[in-house]
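When a ligand or atom number is given, it counts from 1 through the structure's own listing order. Being a predicted model, the structure only gives us computed values, none of them experimental.
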Amino acid sequence: MNPSIAEPTSTQPAQSRTVLPRSGRPQGLYDLSLSELEAQVISLDFPAYRARQLWGWAYRQYVTDFQEMANIPAALRAALAAQAPLSLLEPVRAVAADDEETIKTLYQTGDDQAIETVLMLYPNRATVCVSCQVGCAVGCAFCATGLMGLTRNLSAGEMVAQVVGATREARRRGRELTNIVMMGMGEPLQNYAQMMKFINIIHDPEGLDIGARRITISTSGIVPRIDALAEEPLQLNLAISLHAPVDELRSRLVPINRRYPIATLMAAVDRYIARTGRRVSFEYALMRGVNDQEQTANDLAALLRGRLCHVNIIPLNPVELLPYERPDPAAIERFASILGTAGIPTSVRYSRGLDIDAACGQLRAKEQGLSAASLTPS
Ligand code: SAH
Ligand code: SF4
């Protein structure tokens, strides 16, 4: 279920590391920081300012083809189309739900992997849920992505391409993309270097200019990388997928808990809060008869009391062929009110797009025709 979870080698911020292109897969234009693009433009014997123009086309005009870049010399366009292609992801299918307020896109990567991205339109914001891996090695018991195992990490550019696609999609509907959540397929802190590179590219004021406070990293709890994140210069939001207040239950639901048990995780969260002064969110997927009991709510309140935090209760999005169910509304309400009464700031967040399988990994699971035999809940 949980084959190989690479042990982090250092807590050094990824920004200071050099990220090399993955062998066999082309570095796309979206994989390049502005300074890397400048270096590439100069290596092609063009002046550095062309890089800023290219970024304007990519991140202000959202063009899909180098041919549309009217003020860029044809020779540079042709060289870049060969060396740093624009299209890293091919949209295969888009489905809408919630009165066209939730749009889920299934993409195909250059090596024929399927990934998905969800755009959620709210009255005052538009949020994109980005995937960072094909599959996931953590193997949470209730998660469609966890069932797939990990095929590979996505590159920074493949993540940027999802955000650019969502920006186009939002604009088609007269909206601007405002928020990014790393809550699609994969565990962002197990693809740390590429994820941080992605964040630095979308944060760059010359490009998409997405403020760090509008970006949320969600993690199952990779402790050394939480410490690394606390040292990053960007003030990102951190969400911890807790799902259970005691080790025995959490280890069953979120197997990484065997490596980083709750006390170790909470110590890292405390260090994060002390270092950044930022409020941390705890995600809690509520499952009938599994983690929704009164005693469990009391244990959760006791665990979180006194911490600068917020709890998001997510009534489970049931996954076909997995045995977990969503509690009824009264049980959801009871669980939330126990936390609220205990003074823990709590909200209930119904996930969008139930009818289009918009929870993590579900559309892809269907598209790939996963059979009962290939699904082995832990
Ligand atoms: N791997 C990261 C981020 C992606 S999952 C993480 O686990 O945090 C984003 C959130 O969706 C996590 O809190 C995850 O536990 C939750 N999730 C996964 N499957 C779900 C389901 N079927 N119903 C409700 N929430 C789910
Ligand atoms: Fe991976 Fe997150 Fe799904 Fe767990 S919930 S299997 S960490 S994507």
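Heavy-atom separations between C136 and ligand 1 are all 4.0 Å or longer. In this structure, C132 falls outside the shell of residues with a heavy atom less than 4.0 angstrom from ligand 1.
Close approach of ligand 2 to S220 is summarised as follows: ligand atoms under 4.0 Å from at least one heavy atom of the residue are 7 (S). Each of the atoms 6 (C), 8 (O) of ligand 1 lies under 4.0 Å from some heavy atom of T219. Interface of S220 with ligand 1, defined as ligand atoms under 4.0 Å from a residue heavy atom, comprises 6 (C), 8 (O). Applying the 4.0 Å criterion to heavy atoms of V319 picks out, from ligand 1, the atoms 22 (N). With ligand atoms numbered from 1 in the order given, ligand 2 contributes 6 (S) to contacts under 4.0 Å with heavy atoms of G146.
When non-hydrogen atoms are compared, ligand 1 lies under 4.0 Å from neither the backbone nor the side chain of Y324.
E38 and R52 are joined by a salt bridge, as a carboxylate oxygen and a charged side-chain nitrogen come within less than 4.0 angstrom of each other. Electrostatic pairing of E68 and R77 does not count as a salt bridge here, judged by no charged N lying under 4.0 Å from a carboxylate O. A salt bridge does not link R275 with D227: none of the charged nitrogens is closer than 4.0 Å to a carboxylate oxygen.
Checking C140 against atom 4 (Fe) of ligand 2, an N/O/S atom falls under the 2.8 Å cut-off. Atom 3 (Fe) of ligand 2 lies at 2.8 Å or more from every N, O or S atom belonging to C136.
In this structure, a donor-acceptor pair under 3.5 Å is present between the side chains of D31 and S155.
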With side chain to side chain contact (heavy atoms under 4.5 Å, CB included) as the test, would you mind laying out the steps for F282 and V269 before giving the verdict? CA-CA 10 Å; F282 290 97; V269 167; 3.9 Å; yes
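The option with the heavy atom closest to atom 14 (C) of ligand 1, from among H243, M183, E283, M182, is H243. Counting only non-hydrogen atoms, the option in G139, G149, G186 that gets closest to atom 2 (Fe) of ligand 2 is G186. Of the options S131, P315, S218, the smallest heavy-atom separation from atom 2 (C) of ligand 1 is shown by S218. Around atom 8 (O) of ligand 1, the closest heavy atom drawn from G186, S241, A285, C143 belongs to S241.
R125 pairs by the side chain to side chain contact (heavy atoms under 4.5 Å, CB included) definition with Y122, T127, T178, N179, not counting sequence neighbours.
In this structure, Y324 and F142 have perpendicular ring planes: the angle between them is above 60°, well past the 30° mark.
Under the 4.5 Å side-chain criterion, counting only non-hydrogen atoms from C-beta, V254 is not in contact with L242.
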Indicate every side-chain donor-acceptor pair of residues 335-348 with a distance under 3.5 Å to a residue at least two apart or in another chain.
unit_1	atom_1	unit_2	atom_2	d
S337	OG	R334	O	3.2
T341	OG1	S337	O	2.6
T346	OG1	I344	O	2.7
S347	OG	H310	NE2	3.3
S347	OG	N312	OD1	3.0

